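Before any comments, here is the structure.
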Amino acid sequence: KQVAACQSKGKINVSVMAKIGITERDVDEVEANLYQLARNNAVDNGADTLVKGESKVLGTRTFEMFKCRP
């Protein structure tokens, strides 16, 4: 609802390694890396707002990108 008046800039799928060898990475660290990658892509696509989508696999996530500011 908060992005209803915003211009859609599409979706972006991002992924990072959730496991290094046999060691699982911290969930918060993985999520922070995913969000950073999504922000970088949003800037490249002229977006200024991200909406986080669902993810069934740790280390992958889809974000919707929007341009909300003039």
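Please read all numbers here as calculations on a predicted model, not as lab measurements.
Going from atom CZ of F66 over to atom NZ of K9 covers 12.0 Å, rounded to the nearest 0.5 Å. Taking NZ of K11 as the start and CG of N45 as the end, the distance is 14.5 Å to the nearest 0.5 Å.
Residues V43 and I12 fall into different hydrophobic clusters, defined by Ile, Leu, Val, Met, Phe, Trp and Tyr side chains chained together at heavy-atom separations under 4.5 Å. When the side chains of ILVMFWY residues are joined at heavy-atom separations under 4.5 Å, either directly or via intervening members, L34 and V51 end up in two distinct hydrophobic clusters.
Partners of D28 by side chain to side chain contact (heavy atoms under 4.5 Å, CB included), not counting sequence neighbours, listed by chain and number: D26. Residues forming a side-chain hydrogen bond (donor to acceptor under 3.5 Å, both in side chains) with T62 (at least two apart in sequence, or on another chain): N13. N33 meets the side-chain hydrogen bond (donor to acceptor under 3.5 Å, both in side chains) test with R25; sequence neighbours excluded.
The nearest pair of heavy atoms linking A38 to F63 is CB-CD1, 3.5 Å. Heavy-atom minimum distance, M65 versus A42: SD-CA, 3.7 Å. The two residues Y35 and L50 have their closest heavy-atom pair at CE1-CD1, 3.7 Å.
Counting only residues at least two apart or on different chains, the disulfide (SG to SG under 2.5 Å) pairs with a member in residues 35-70 are C6-C68. Listed by first and then second residue, the salt bridge (charged side-chain N to carboxylate O under 4.0 Å, His left out) pairs that reach into residues 41-67 are E31-R61, sequence neighbours excluded. Listed by first then second residue, pairs satisfying disulfide (SG to SG under 2.5 Å) with a partner in residues 13-67 number zero, not counting sequence neighbours.
Remark: the backbone N or O of T60 is paired with a side-chain donor or acceptor of S55 at under 3.5 angstrom.
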